[in-house]
Amino acid sequence: MTILILAEHDGTQLNPSVQQAVSAAQAWNSNIHVLVAGAEAVVKQAASIAGVERVIYANAPHLNHLLAEDVAGLILSISKDYNVILAAHSSFTFAG
Amino acid sequence: MKILVAVKRVVDHNIKVRIKADGSNVDIEGVKMGVNPFDENAIEEALRLKEKGLATEIIAVSLGGTASSDVLRHALAMGADRAILVATETELQPLAVAKLLKVIVEREKPALTLLGKQAIDDDAGHTGQMLAALLELPQATFASSLKIEANTLTAVREVDGGTETLTLALPAVVTADLRLNEPRFVKLPNLMMARKKPIETLNTSELGIDIQPRLKLVKVSEPAVRKAGIKVDSVEELLNKLRAHEGVLL
């Protein structure tokens, strides 16, 4: 079983909530992937979180501001590969 | 421009709910109910847009048992033009509500659909987002300010780090934060007038949507009680307590 975690960030820093989501996902003892949209700087940070097996990185100008409509479409395009899609219950924004 | 406002009947926000003895749910038997506070912000915003001449008709919609017509009456008394009750005795969770609201939106074709940012009973904050996604419409959630010019909506969102400003093309879905406005009080004459305004009832069975709950509530419990603080008489006593009880090495 694979879990996809949605990364929230501000372009340069990964939001701490992502690490919390990874910790929570470890309860399932399964593979954890993190989806980073829009910011290459954040990819390495996501990859360095203990427990993350793979980081999926998507970049396009329209993804730069992490707008719900665009990111949802992105998640949907890879969702069939995952049993759980996990994210922090936040306002999900391109900010600190 | 038509505006659709979704309103939910919830436990009155002043009530301190009690948990049932078996921990299966909260006990709301006989408890005072009312309009979800954030939905009142949504209604109020619709009214202001109408008063500015930007909206022509405000439709309030509520989903649930027949008692939900109470909150529709409240919306009508505030100034909504007509109301729709989507009636069912089945427990409605956010996904089902979003699917049902989609049917209403497709029927009424409002330029703007307003909801409260979350309901104070389940605190889910899901419905607006799901509705926008199902309709493939743009969304502005946790909105604390709204401006409409021609066919564009500018919303300021209250987000975790501060605020975020978005512009959306209409039609769109917006969920209201408390800071959006201060809802007007309902005056008795308006309450009386509201009785004459129409409430249309639609049965969920007529709408052909699968509204079965997807989530099962397993347990409800009180939050852990915060331990009382201890007053100490001297620094020595403070150090002793820290070492003995808190395991602090000093």
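The structure displayed is predicted, hence computed values, not measured ones. Letters A, B, ... are given to chains in the order of the sequence lines, protein chains preceding strands, and every chain is numbered from 1.
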query = Considering only heavy atoms, which portion of A:Leu67 lies under 4.5 Å from any heavy atom of chain B: side chain, backbone, both, or neither?
reply = side chain
ask   = Which atom names give the shortest non-hydrogen contact between A:His89 and B:Asp123, and what distance separates them?
value = NE2-O, 4.4 Å
Contacting region of A:Ala68 [heavy-atom separation from chain B under 4.5 Å] = side chain
ask   = Side chain, backbone, both or neither: which part of B:Leu137 has an atom under 4.5 Å from a heavy atom of chain A?
value = backbone
query = What do you reckon, is CZ of B:Arg18 surrounded by more than 12 foreign heavy atoms closer than 6.0 Å?
reply = no
Distance (rounded to the nearest 0.5 Å) between A:Phe92 CZ and B:Gln129 CD = 12.5 Å
B:Ala124 versus chain A, the contacting section by heavy-atom distance below 4.5 Å = backbone
request  = Mark yes when over 12 heavy atoms from residues, nucleotides or ligands other than B:Leu207 sit less than 6.0 Å from its CG; otherwise mark no.
outcome  = yes
message = Can you confirm whether more than 12 heavy atoms, excluding those of B:Glu149, are under 6.0 Å from its CD atom?
response = no
ask   = What heavy-atom pair brings A:Ser91 and B:Arg157 nearest, and what distance separates the two atoms?
value = O-NH2, 2.9 Å
task = Counting only heavy atoms closer than 4.5 Å, note whether B:Glu158 contacts chain A via side chain, backbone, both or neither.
result = backbone
task = Keeping the roles fixed (side chain from B:Gln139, backbone from A:Glu69), state whether a donor-acceptor pair exists under 3.5 Å.
result = no
Minimum heavy-atom distance A:Ser90-B:Asp160, with the two atoms named = CB-OD2, 3.1 Å
